[in-house]
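I have placed the structure first, in the form of structure tokens, so that the comments after it can refer back to it.
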Amino acid sequence: MESLIQLKNISKSYKKQTVLENVHTTFQKGETVAIVGKNGAGKSTLLKIVGGLIKPTKGSVTIDTSIGLPAFVVEQFPQELPFRLQDYLFHMGRIQQISKKKLLLKIEELLETFDMTEYKYEEITSFSKGMKQKVNMMQAMLGSSELLLLDEPLSGLDAKAQVDVEKAFRRLKDRGMTIIFTCHEERLIQVTADRVITIGAHKILRSQRIECIDKLAVIEADFIMNKPIRELKGKCAKVEQHGSRYTLYIRKQDMNQLLKELIDVRADIHRVEIIEREDY
Ligand SMILES: Nc1ncnc2c1ncn2[C@@H]1O[C@H](COP(=O)(O)OP(=O)(O)OP(=O)(O)O)[C@@H](O)[C@H]1O
């Protein structure tokens, strides 16, 4: 994975209160990272520094600008917006000076990703909290950023709405977005995060990978191998070959990268499926 964001010796104080001190970390392209810690530990502060919403007192943030400006989803959705969904997104996009043509295409894509197409002519005031949170995420993603930052995305949502947002989240992740979010909900972390950063005592106390060992992706494709087979075997949990037809079993979080590589070698992809480990 490529390094996308580098934080070097970040410190942040509000007046005399030190919140972060000499924080040093890197975020990789395509990874999903949860920032956890006790109330007041500095999770939102760290996220806002990554998003450029606040400046650190000391230290530097380096972001690969090829991914566009970060899309930042704030915790609260403005209440009582007198707009239909499609009009609202169009309006917000025009404020960001996105061309009408690009915007209309992007809105269609987002409606589909967030499973909201059937509500595009509905008034936002009639939406549930979960739907409003999805609108919040869609609005932040109108630009072409590949980096999504979310501050407490499930805050205040009931269980059903949480699952709804969680699904949208996973779709974005599967599309290769880099996602960094603060969170108190263990489930969202378990089902989406590749890594968890724990903040405490003004520092990063831990940075732990979550291995999705229970989920594998199976990809069936025809292609001509132009690299040694052992390279493919090194990436995959299992490789089956019948002539030019390969069946590749790979950890779910590595699936997108492999799909990109297969597309690069003009593979004819027949099947992509997520399977439980016991099925395999
Ligand atoms: N703009 C501000 N001015 C002064 N103090 C602030 C400001 N923003 C945050 N703080 C303080 O900095 C500390 C860290 O706040 P932050 O919101 O980053 O914590 P958090 O870990 O996200 O907390 P929570 O889980 O409660 O949302 C808190 O003590 C908070 O009161």
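Computed from a predicted structure; not experimentally measured. Just so you know, ligand 1 is whichever comes first in the structure, and atom 1 is the first atom listed for that ligand.
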Quiz item: Relative to atom 15 (O) of ligand 1, which among Thr18, Thr45, Ile199 owns the nearest non-hydrogen atom?
Solution: Thr45
Quiz item: If you take all heavy atoms of Glu152 and Gln133, which pair is closest and at what distance?
Solution: O-NE2, 4.3 Å
Self-check item: Under 3.5 Å: N/O of Val19 near N/O of ligand 1
Solution: no
Self-check item: Lys15 to ligand 1, any heavy atom closer than 4.0 Å
Solution: no
Exercise. Could you list which atoms of ligand 1 come closer than 4.0 Å to a heavy atom of Lys38?
Key: 21 (O)
Quiz item: Are Gly37 and ligand 1 in contact, using a heavy-atom cut-off of under 4.0 Å?
Solution: no
Quiz item: Which heavy-atom pair separates Thr113 from Arg175 by the least distance, and what is that distance?
Solution: OG1-NH1, 2.8 Å
Quiz item: Nearest heavy-atom pair of Ala41 and Ile199: which atoms, and what distance?
Solution: O-CG2, 3.4 Å
Exercise. Report the residue from Leu262, Asp174, Val218, Leu259 that forms a side chain to side chain contact (heavy atoms under 4.5 Å, CB included) with Val272.
Key: Leu259
Exercise. Could you list the atoms of ligand 1 found under 4.0 angstrom from a heavy atom of His184?
Key: 25 (O)
Self-check item: Where Ile124 and Lys132 come nearest, the two heavy atoms and their spacing
Solution: O-CE, 3.5 Å
Practice problem: Could you tell me which non-hydrogen atom of Leu258 sits nearest to which non-hydrogen atom of Ile219, and how far apart they are? | Solution: CD2-CD1, 3.9 Å
Quiz item: Going by distance only, is there an N or O of Asn39 that falls short of 3.5 Å from an N or O of ligand 1?
Solution: yes
Exercise. Could you name the option among Ser44, Gly200, Ala41 that has the heavy atom nearest to atom 22 (O) of ligand 1?
Key: Ser44
Practice problem: Could you check whether the rings of Phe127 and Tyr119 sit parallel, tilted or perpendicular, using 30° and 60° as the cut-offs? | Solution: perpendicular
Quiz item: Does ligand 1 have an atom that lies less than 4.0 angstrom from a heavy atom of Lys48?
Solution: no
